[in-house]
Amino acid sequence: GRVCTETLCSYYPADTAGGRIKLSDSFSLETMNSSSLIRNFPLAVLQLRQLFGSAVPAFPPKFYLAMTKSMADERRSQLEQYLQNVTLDSNITRSEVFIGFFRKLQQDTFKIQTQRAFLDVYLADGSNIRLDIQTSDTAERILEVTLCRMGLSRELIKYFSLFFFQDHDDGALSVVKKVAEFELPYVSLQSMKELCCKLGIRKWYMDPSLDTLLMDCRASLNLLYMQAIQEVKRNWLKPTERQMQELEFLQKNANKAKFLELIREMQFYGYVRLDPCICDYPEEGCSADIYVGNNEINCCIKLPTNQIKEVSFKINRLRSWQVAFLGATKDGGDDTLELRFEYNDSGTWQWIVLYTKQVSSQSS
């Protein structure tokens, strides 16, 4: 079988014989060899338990009898939960045992041997840094090399991450997913060729006030400034006419610090804007523009009456979420994912459903 994994919160329903398994909230490969994963991971678990003891739970026992569909679903659910729990511990995911196992799994799945290659990492202004890498280099390694080449202080690397993104002909920007630290970006890009994705660097925190911690380093200031200009150009923000005039004046005079100080006051600064999607709130079939950031999921919902309703779902009132893989649309369009999250709305828990291609960007 093959295993499909997604970032941020993906649960994929399995078909009867070795369907789709969510590996972690920050790891996404379109296909992975699930039989190899299930066959070989127990050995890696034993090695991890030798290193980390009880921090690594025992691998779920398998069924020895022929499995019914319900047994296969239960087994898949156990494996999903197990892999998610293991990957929550960064000490484990940064260990040589863990990285070595998933490096081999990714390379074997796509038949890419370790060899020298060139990899372009894009910045928000459209420029790129070309790296001379090994195809087996992890995202953590590539991010560190790129940012150090730019002159970023090592203690600030944790505020940035690698992302896969798409530039569309109409000028729109789609952030496809955050790249997991142990993922092999070169291999992932080869597996996603049909999506025409690029690898880029973006800041990775939800609180815009953290910008102030990065202002004294020229490299991080430049990264924030480039991303802010990109978000203005792509209409991710909603400045007033007067604010727009001030931004243009500050940009013309290359006053980066003042530019960032002003832009932090604007709605949706520091948020990730997702492609338009469909939601079932407040009623089924509504279209919505989704902005994720500053500890909220903000939805600008177009009602069947053509009225616009803005709703903010606060992260601290969200109890759980699930993701289902729905496959391609009837008209042959892209694969669709269903994100369901349980939300406390005025004391009542209810499920909110979004249908999107970018679940990875939300659940991260």
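For this chain, numbers begin at 1 and follow the sequence in order.
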Exercise for the section: Please lay out, stage by stage, how Val86 and Phe98 fare under the test side-chain contact (heavy atoms from CB on, under 4.5 Å). Expected result: CA-CA 10 Å; Val86 168; Phe98 187 92; 4.2 Å; yes
Problem - Step-by-step side-chain contact (heavy atoms from CB on, under 4.5 Å) determination, Leu250 to Leu262 - result: CA-CA 9 Å; Leu250 293 171; Leu262 174 62; 4.1 Å; yes
Handout entry: Val56/Leu51 under side-chain contact (heavy atoms from CB on, under 4.5 Å): CA gap, chis, key distance, verdict
Key = CA-CA 9 Å; Val56 181; Leu51 290 172; over 6 Å; no
Exercise for the section: Decide yes or no on side chain to side chain donor-acceptor pair (under 3.5 Å) for Tyr205 and Asp211, but give the supporting numbers first. Expected result: CA-CA 9 Å; Tyr205 48 85; Asp211 280 6; 2.4 Å; yes
Handout entry: Chi angles and distances behind the side-chain contact (heavy atoms from CB on, under 4.5 Å) call for Leu260, Tyr269
Key = CA-CA 10 Å; Leu260 290 169; Tyr269 170 68; 3.9 Å; yes
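Taking hydrophobic clusters as Ile, Leu, Val, Met, Phe, Trp and Tyr residues chained together by side-chain heavy-atom distances below 4.5 Å, Leu43 does not share a cluster with Phe59. Ile278 and Ile308 fall into different hydrophobic clusters, where Ile, Leu, Val, Met, Phe, Trp and Tyr side chains are chained together by heavy-atom contacts under 4.5 Å. Grouping the Ile, Leu, Val, Met, Phe, Trp and Tyr side chains by contacts below 4.5 angstrom, directly or via other members, places Trp349 apart from Ile297. Residues Phe101 and Leu46 are members of separate hydrophobic clusters, defined by side-chain heavy-atom contacts under 4.5 angstrom among Ile, Leu, Val, Met, Phe, Trp and Tyr. Trp351 is not connected to Ile301 by any chain of hydrophobic side-chain contacts under 4.5 Å among Ile, Leu, Val, Met, Phe, Trp and Tyr, and they are in different clusters.
Panel note: side chain Gln243, backbone Met266; no donor-acceptor pair is recorded below 3.5 Å. Not a single donor-acceptor pair under 3.5 Å links the side chain of Ser153 to the backbone N or O of Leu156. The backbone N or O of Ser127 lies less than 3.5 Å from a partner atom in the side chain of Asp125, making a donor-acceptor pair. With hydrogens and angles ignored, the 3.5 Å screen pairs no side-chain donor or acceptor of Glu74 with any backbone N or O of Ser70. With hydrogens and angles ignored, the 3.5 Å screen pairs no side-chain donor or acceptor of Glu310 with any backbone N or O of Cys300. Judged by distance alone, with hydrogens and angles left aside, the side-chain atoms of Ser220 form no donor-acceptor pair with the main-chain N or O of Leu152 at under 3.5 Å. Remark: side-chain polar atoms of Tyr82 are paired, donor with acceptor, to backbone N or O of Pro57 under 3.5 angstrom. At least one donor-acceptor pair under 3.5 Å links the side chain of Arg103 to the backbone N or O of Ser136. Between the Gln166 side chain and the Leu195 main chain, a donor and an acceptor come within less than 3.5 Å of each other.
In Arg317, the CZ atom is crowded: over 12 heavy atoms of neighbouring residues, nucleotides or ligands sit closer than 6.0 Å. The environment of Glu155 atom CD is dense: over 12 non-hydrogen atoms of other residues, nucleotides or ligands sit within 6.0 angstrom. Around atom CG of Asp170, more than 12 heavy atoms belonging to other residues, nucleotides or ligands sit under 6.0 Å away. Shown here is Gln115, whose CD atom has more than 12 heavy atoms of other residues, nucleotides or ligands within 6.0 Å.
Taking the charged nitrogens against the carboxylate oxygens, Glu283 and Lys309 have no contact shorter than 4.0 Å, which rules out a salt bridge. Between Asp167 and Arg234 a salt bridge is recorded (basic side-chain N to carboxylate O distance below 4.0 Å).
Looking at heavy atoms from C-beta onward, Phe118 lies out of side-chain contact with Leu131 at the 4.5 angstrom threshold. For the pair Gln113/Thr135, no side-chain contact is recorded, criterion being any heavy-atom separation below 4.5 Å from C-beta on. In this structure, Leu123 and Met150 have side chains that are in contact, with non-hydrogen atoms separated by less than 4.5 Å. Lys198 is not listed as a side-chain neighbour of Asp120, based on a closest heavy-atom distance of 4.5 Å or more. At least one side-chain heavy atom of Thr138 sits under 4.5 Å from a side-chain heavy atom of Ile99. In this structure, the side chains of Glu144 and Arg154 come closer than 4.5 Å at one or more pairs of heavy atoms. Using a 4.5 Å heavy-atom threshold, the side chains of Thr146 and Arg149 count as separate. The closest side-chain heavy-atom distance from Glu241 to Gln245 is below 4.5 Å.
Shortest non-hydrogen contact noted between Pro185 and Ala139 is CD-N, 3.5 Å. Closest non-hydrogen pair, Ala117 versus Tyr186, comes out as CB-CE1, 3.7 Å. Nearest heavy-atom pair across Pro304 and Cys286 is CD-SG, 3.9 Å. Contact record, Cys279 with Leu354: CB-CD2, 3.3 Å, taken as the closest heavy-atom pair. Nearest heavy-atom pair, Phe164 versus Glu183, reported as atom, atom and distance to 0.1 Å: CE1-OE2, 3.7 Å. Scanning all heavy atoms of the two residues, the minimum distance from Phe259 to Ile229 falls at CZ-CG1, 3.9 Å.
A centroid separation of less than 6.0 Å is found between the aromatic rings of Tyr281 and Phe313.
Judged purely by distance below 3.5 Å, without hydrogens or angles, the side chains of Thr114 and Gln134 never pair a donor atom with an acceptor atom. Using a 3.5 Å distance cut-off with no hydrogens or angles, the side chains of Gln307 and Thr305 do pair a donor with an acceptor.
Annotation: the span from Glu96 atom CD to Gln47 atom CD amounts to 12.0 Å, rounded to 0.5 Å. To the nearest 0.5 angstrom, Glu181 atom CD is 6.0 Å from Thr93 atom OG1. The OH atom of Tyr159 sits 11.5 Å away from atom CG of Leu224, with the distance rounded to the nearest 0.5 Å. Note that CD of Gln267 and CH2 of Trp236 are 15.0 Å apart. Values are rounded to the nearest 0.5 Å. One distance of note links NZ of Lys158 with CG of Leu147; it measures 14.0 Å at 0.5 Å rounding. Distance CG/Leu237 to CE/Met244: 9.0 Å, rounded to 0.5 Å.
Under the side chain to side chain donor-acceptor pair (under 3.5 Å) criterion, Asn294 pairs with no residue, sequence neighbours left out.
Using bins of under 30°, 30° to 60° and over 60° for the plane-to-plane angle, the ring pair Tyr291/Phe268 lands in the parallel bin. By the 30° and 60° cut-offs, the orientation of the rings of Phe341 relative to Tyr343 is perpendicular.
Partner Glu231 forms a salt bridge (charged side-chain N to carboxylate O under 4.0 Å, His left out) with one of Arg273, Lys238, Arg264, Arg202 and no other, that one being Arg202.
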